Amino acid sequence: MDIEATLRELEGSGNLRTIPAESTGNIVDLSSNDYLGVAADKELRERFFAETPVDRLLMSSSASRLLGACQKPYTDFEAQLSHDYGHGRSALLFNSGYHANTGLVSAIADKSTLILADRLVHASIIDGIKLSGAPFARFAHNDYEHLKRLLLTKAADYNSVLIIVESVYSMDGDTADIDQLVQLKKLHRNALLYVDEAHAVGIHGPGGLGETARLGLIDDVDIIVGTLGKALASMGAYAILTPQLRQFMVNKARSLIFSTALPPAQILWSHFVWRYITEADFLRDRLRNLSGLLAEAIPGGEPSHIRPLITGDPVKAVQLSKDLLADGFKVLPIRTPTVPPGTERLRFVLSASIDAADILRLSNVLQGHLKKL
């Protein structure tokens, strides 16, 4: 590969990425995934450190889960997750959403498995599919007639079919129709349903358990994935699955087996925050109200804590991002390959810690900039 030529090409097309500088001054951050504002909650951090003995705050696990001497923080948190999701489900922790998706998908699928994935599933899922070596097809985004046709024509040729979707899509903020997906799955005895709830956990459903819980469909979804680095303001991810499938993953998910586990201190913080956010309906209500205001500022689709503004051009996306930063709003451009060419955008992300007045000011500022695009 010609590295220099590749960098020149990326720069010429407006798709050269750089790591942004740390935000300073009076900036409203609309690019963070801190959906509930927990990461910015200093009092909550102080409470955690006050309640947690320092000898439990180990900064390294020093081994993978299968070799580690310290297991109690992990098993306690997994037990909490299993209890909260109920329905005889078990939980398994991973180091990140990327580790979870690559490990779970590549473990459960092989050449006798057909994978059918929504066109807009996350790159980590696509990488898991590639690692599995399983044949796969991608159905048009949220197009269940397309999925139905694929199932009717292909499902019978394989030992199993794995249907993969996200409950809330990270770049568009729209939701999957999980009820319809469950109905389609039930028509095919060899089908499994995998739902990545990364952008719904903490926000949707009772206690923030996600869309599957909101719809009462935990029993009908074979694998539920949630992340801890977004609304949970921590690091890592978890899978909710049957006890048998959990045991299978402990033996077959390479991202679990061959990674040093997250530090016990991190797991203790995740568990602490989990207990907090499952009771924090007031934060979900606040975020819902802000979502309504943002929907008025950027029309189109149902209100969501994630809202895209499509420019269709990377140069325009970068320029609009710079203009908004000058007005006190950090909204970073999203370009190829994160989104398909022609759908470049600014991705507006809400946090419950943002003031409603800032969203109203954003609406006014945006109108002036959009006239110049």
Side-chain angles (χ1 to χ4, degrees), residues 1-25 27-35 97-98 101 117-127 129-130 138 140-143 166 168-174 196 198-199 229-230 291 294-295 297-301 304-351 354 358-359 361-373:
M1 176 180 285
D2 189 330
I3 294 173
E4 188 175 339
T6 300
L7 290 172
R8 283 199 305 268
E9 181 183 343
L10 287 170
E11 187 170 18
S13 65
N15 286 312
L16 182 67
R17 289 177 166 91
T18 59
I19 296 174
E22 182 172 340
S23 300
T24 57
I27 300 294
V28 180
D29 190 349
L30 293 167
S31 284
S32 168
N33 291 328
D34 182 22
Y35 300 136
Y98 192 95
N101 283 329
D118 188 286
R119 174 68 63 182
L120 296 187
V121 293
H122 192 263
S124 58
I125 293 172
I126 300 302
D127 287 356
I129 292 171
K130 291 177 179 178
R138 298 169 75 176
H141 178 52
N142 280 347
D143 186 340
E166 296 181 36
V168 174
Y169 285 87
S170 61
M171 290 297 123
D172 292 271
D174 56 341
D196 184 339
H199 297 274
K230 297 178 174 63
S291 298
L294 187 62
I298 308 172
S304 174
H305 56 290
I306 301 168
R307 201 156 193 85
L309 195 162
I310 309 294
T311 65
D313 178 274
V315 175
K316 288 181 179 180
V318 170
Q319 187 57 54
L320 182 55
S321 175
K322 290 178 179 177
D323 291 343
L324 287 171
L325 185 60
D327 287 315
F329 296 99
K330 179 186 174 185
V331 193
L332 296 179
I334 307 295
R335 295 163 285 172
T336 304
T338 305
V339 294
T343 68
E344 291 85 0
R345 67 195 62 194
L346 264 60
R347 175 181 179 260
F348 292 78
V349 188
L350 292 173
S351 169
I354 293 173
D358 286 323
I359 303 302
R361 183 167 69 88
L362 171 69
S363 180
N364 294 327
V365 166
L366 262 180
Q367 300 315 308
H369 290 309
L370 292 177
K371 291 174 183 176
K372 296 183 286 184
L373 281 183

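Since the structure is predicted, the reported quantities are computational estimates derived from the model, not experimental observations.
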- Message: Among residues at least two apart in sequence or on other chains, which ones pass side chain to side chain donor-acceptor pair (under 3.5 Å) with Asn33?
- Response: Tyr35, Arg347
- If only atom types and distance count, is the side chain of Glu166 paired as donor or acceptor with the main-chain N or O of His122 below 3.5 Å? yes
- With the side chain counted from C-beta on, respond yes when Leu324 and Val365 share a heavy-atom pair under 4.5 Å apart, and no when they do not. yes
- Item | Test salt bridge (Lys or Arg N to Asp or Glu O under 4.0 Å) applied to Asp174 - qualifying residues, sequence neighbours left out | none
- Message: If we ignore hydrogens and angles and just use 3.5 Å, is the side chain of Glu344 paired with the main-chain N or O of Gly342 as donor and acceptor?
- Response: yes
- If we only count heavy atoms from C-beta on, is the Leu346 to Leu332 side-chain gap below 4.5 Å? no
- Item | Contacts of type salt bridge (Lys or Arg N to Asp or Glu O under 4.0 Å), residue Arg335, not counting sequence neighbours | none
- Should Asp172 and Arg345 be marked as a salt bridge (charged side-chain N to carboxylate O under 4.0 Å, His left out) after you check the CA-CA gap, both sets of side-chain angles, and the distance that decides it? CA-CA 10 Å; Asp172 292 271; Arg345 67 195 62 194; 3.2 Å; yes
- Are any of the side-chain heavy atoms of Ser291 and Leu350 separated by less than 4.5 Å? yes
- Note on the structure: Sorted by chain and number, sequence neighbours left out, side chain to side chain contact (heavy atoms under 4.5 Å, CB included) with Ala123 holds for none
- Do Leu294 and Leu362 have side-chain heavy atoms sitting under 4.5 Å apart? yes
- Please list, chain by chain and in numerical order, all residues satisfying salt bridge (Lys or Arg N to Asp or Glu O under 4.0 Å) with Glu4, sequence neighbours excluded. Arg8
- Query: What residues, two or more places apart in sequence or in another chain, satisfy ring pair (Phe, Tyr, Trp, His ring centres under 6.0 Å) together with Tyr169?
  - Reply: His141
